[in-house]
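Reviewing the structure listed below.
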Amino acid sequence: MTQDAVKLKERILRSRKQEDTALPAFISDSFAVEKNNVHGFQVYRLIPERAEGNIFYLYHSDYMHPMKKNEWAFVRWLCHMTGMAVTVPIYPLAPEHDCEEVFDMLIPAYQVYCKRREAGNLILIGAGAGAGLAVSLMLQIWKEGLADPDKVILLSPTMDTEFFDANLERSVERRLGKKVFLPMKELLNETWVKNYAGRTEFTAPVYEDLHDISQDIIVVSGTKDCYNEYARYFSAKVQDTGNPLKYFEYGGAGREFFLHPDQKETRHLKKILHDLMLETDEEIIFQYMEEVRQRAGWSKWFPEIFMDEHAVKYVVSHPRRGKKEHYSQNIFNLISASVQRAYDDAVSLFLKEYPDGNVIYVGCSLDTMLERVDNGRVLWYNLDSPGRMAIRTMYTGLGKREKRIERSVHDLSWIDHLSLETDRGVLFVVKDIFGYMTWKEMREFLDLLYQKFQGCNVLFDMATPRANFMFNRLGRGRGAEYRKRHLSMRDPRREVESMSPIYHVVSVRSVVDNVRPRKEWKTGLKLQLMSNRRRDAWKIVHLRLGHERYRTFDDLSS
């Protein structure tokens with residue numbers, strides 16, 4: 001080993017403390033604890049009263065560090081929250097032990113404790129290096145014919161100790177720095193990988209065949225985690241197999257954020273884990289689904305304007321116990337339904353001209369627009385943050401010609417993930433996005449689209465200053481997630497085209513142009529509709545960036 005690797009090894013050994021191997025008092029005071037020995041290594045089993053189900057937890061060690069108190073506190077929370085027994089094997093660590101010894105201990109430990117588990121689900125959870133071990137363990141479970149876990153949860157996963165992929169390796173090296181990364185890589189290779197070099201099912205499971213790994217996988221990562229690219233790569237690979245993986249990514253969160261209960265990302269994650277592990281929506285999923293209930297409300301009150309059958313079916317099958325629906329026949333919901341209908345009509349019009357076109361729905365959230373406008377030929381991209389897309393997967397599944405990109409709208413790297421047939425027409429649907437941007441942010445966004453897809457089309461909605469004010473006033477407390485709108489335009493055609501000579505406004509339409517009041521509507525609602533029509537308060541803008549260069553329906557016919 002190099003001198004730097006030797007120094008790292010010595011520093012790790014010096015950092016070990018006697019109390020690191022001891023079970024914290026707050027654990028033994030909270031639960032009945034069984035202590036057992038498997039292949040010479042300790043296994044703890046935390047058993048709450050009336051335990052139902054079992055968690056097999058592999059801790060965050062970076063392959064070399066013992067379990068810390070804050071992770072024991074996280075395990076305590078898991079045990080309290082789920083009411084499940086939690087098994088924690090204290091698996092061997094480098095540099096004293098290697099990969100072979102780890103799995104000589106973990107496989108029989110899993111086998112023993114799965115046979116003894118209480119009635120209920122079995123959940124396999126791995127954190128950090130433990131997540132990589134969990135994936136390797138899953139591969140061995142499949143080979144050995146052992147009981148599959150009902151759920152697999154991977155927190156800030158590390159899945160490659162040999163760094164076979166040069167691009168992924170560079171992403172880790174760039175974040176850690178060469179002075180940290182190179183000695184760590186060498187030490188892992190010399191002390192942990194050893195005789196298992198090249199046996200990727202143990203040392204780098206991210207590169208294995210993952211088709212049958214599990215039917216319910218949850219992956220969590222932070223954008224500041226040095227292994228974040230591995231989490232993204234693994235999630236995309238599993239999703240490509242057709243498995244319904246749920247990926248949650250927290251912007252600005254570091255590698256061990258889930259072990260710090262004071263962070264807002266940790267509080268959000270705990271609510272997500274509560275709902276997914278207990279298969280409920282009580283903590284936070286109901287907040288995600290509020291927009292679905294909102295669209296079902298529009299379908300109830302304004303069926304002649306907008307109808308979302310998927311949302312209606314969801315509300316019927318998921319009634320809100322003890323709560324009344326707060327959606328009603330008011331101007332806020334009328335305008336919202338009209339905006340959604342205007343988008344549907346504009347996209348349908350685009351697909352008549354470009355039947356084999358590409359549509360990218362930026363910030364799609366849980367909207368099922370594709371089902372409403374599908375012509376049987378369009379290639380459709382849905383784009384939104386990983387957490388929202390994970391909930392979307394639970395709600396809608398994946399369509400035949402639908403592709404998904406799990407990125408924040410503001411992380412413009414998503415543009416590089418588009419593989420479009422650019423001779424067939426490109427439309428970006430930017431619903432409910434620009435109103436929350438500044439003029440500068442909007443222009444940067446459009447300029448980037450122009451650079452990548454010259455001649456593409458963009459649909460967006462824009463309100464007047466007065467309409468923005470009323471929206472913000474009425475929007476508070478409406479139940480769906482509230483955000484304040486900032487950007488507004490009195491004359492979108494003039495104001496947009498003055499931003500740049502490459503911007504050509506194809507059309508500007510009021511969202512209420514084709515809305516006709518019904519007799520049963522209240523007088524106040526009719527008057528508000530007339531006022532909005534007179535003021536031209538809310539519009540859909542069709543914008544083209546650069547010169548048209550795509551093949552239309554007429555071109556394809558000829």
Side-chain angles (χ1 to χ4, degrees), residues 271 275 281-347 361-373 382-385 387-396 409 429-436 459-461 463 467-468 470-485 511-512 515 518 521-522 525 528-529 532 537-538 540:
K271 291 178 180 179
D275 284 354
D281 63 357
E282 296 175 357
E283 283 286 326
I284 199 167
I285 289 180
F286 76 92
Q287 293 183 22
Y288 284 96
M289 303 310 297
E290 196 69 11
E291 64 171 275
V292 176
R293 295 183 179 278
Q294 189 177 54
R295 284 197 295 276
W298 304 340
S299 303
K300 174 183 177 182
W301 291 109
F302 310 107
E304 70 284 355
I305 299 173
F306 176 78
M307 175 57 65
D308 188 334
E309 294 181 359
H310 208 110
V312 173
K313 289 178 182 177
Y314 175 83
V315 170
V316 170
S317 60
H318 296 80
R320 299 184 71 170
R321 296 179 294 276
K323 293 184 178 180
K324 293 182 178 180
E325 296 293 348
H326 54 263
Y327 303 113
S328 59
Q329 224 174 23
N330 59 35
I331 190 61
F332 179 90
N333 286 320
L334 174 60
I335 294 297
S336 298
S338 301
V339 169
Q340 188 69 71
R341 173 60 183 271
Y343 270 104
D344 289 359
D345 290 346
V347 174
Y361 193 171
V362 181
C364 64
S365 195
L366 306 184
D367 189 10
T368 53
M369 186 187 292
L370 174 58
E371 293 187 5
R372 300 192 299 271
V373 304
N382 277 320
L383 161 74
D384 214 319
S385 63
R388 201 166 293 277
M389 293 301 276
I391 302 300
R392 181 185 180 89
T393 299
M394 298 168 61
Y395 171 52
T396 67
V409 172
V429 178
V430 193
K431 178 178 178 289
D432 207 27
I433 299 294
F434 288 157
Y436 303 99
L459 279 179
F460 65 93
D461 55 290
N468 250 9
M470 295 304 296
F471 177 90
N472 290 331
R473 181 179 176 183
L474 293 172
R476 290 190 193 91
R478 296 303 303 174
E481 185 178 349
Y482 169 73
R483 294 178 296 159
K484 186 177 181 179
R485 295 179 66 94
V511 301
V512 295
V515 176
R518 297 173 60 181
W521 288 6
K522 294 179 180 179
L525 180 59
Q528 288 173 318
L529 173 61
N532 273 271
W538 212 293
I540 292 290

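All values reported here derive from a predicted model rather than from experimental measurement.
Of all heavy-atom pairs spanning V430 and D461, the tightest one is O-OD1, 4.0 Å. Smallest separation of non-hydrogen atoms from Y395 and M289: CD1-CE, 3.7 Å. Here the closest heavy-atom approach between residue R293 and residue P319 is recorded as NH2-C, 4.3 Å. Heavy atoms only, all atoms of each residue included: D432 and Y343 are closest at N-OH, 4.1 Å. Shown here for Y361 and N382, the closest heavy-atom pair between the two residues is CB-OD1, 3.5 Å. When all heavy atoms of I331 and L525 are compared, the closest pair comes out as N-CD1, 3.5 Å.
Here the straight-line distance linking atom NE2 of H318 with atom CG of D281 works out to 7.0 Å at 0.5 Å rounding. To the nearest 0.5 Å, atoms CZ (F332) and CD (Q528) are separated by 12.5 Å. Here CD1 of I391 is found 8.0 Å from CG of L366. Values are rounded to the nearest 0.5 Å.
Of the possible donor and acceptor atoms, one in the side chain of S317 sits under 3.5 Å from a partner among the backbone N and O of Y314. One N or O on the side chain of D275 and one on the backbone of I285 form a donor-acceptor pair closer than 3.5 Å. Looking at N532, its side chain never comes within 3.5 Å of a backbone N or O of A537 through a donor-acceptor pair. A side-chain donor-acceptor contact under 3.5 Å links R392 to the backbone of D367. Side-chain N or O atoms of N472 include one that pairs as donor or acceptor with a backbone N or O of R485 at under 3.5 Å. In this structure, the side chain of N333 does not engage the main chain of Q329 through any donor-acceptor pair within 3.5 Å.
Applying the side chain to side chain contact (heavy atoms under 4.5 Å, CB included) test between R372 and each of H310, R341, Q340 identifies Q340 as the sole match.
Residues that satisfy the side-chain hydrogen bond (donor to acceptor under 3.5 Å, both in side chains) test with S299, not counting sequence neighbours, are absent from this structure. Remark: S338 engages I305, L334, V511, V512, V515 in a side-chain contact (heavy atoms from CB on, under 4.5 Å) (not counting sequence neighbours).
In summary, the side chains of Q294 and S336 do not present any donor paired with an acceptor at a separation below 3.5 Å, with no hydrogens or angles considered.
Residues F302 and W521 have side chains in contact (heavy-atom distance under 4.5 Å, counting atoms from C-beta outward).
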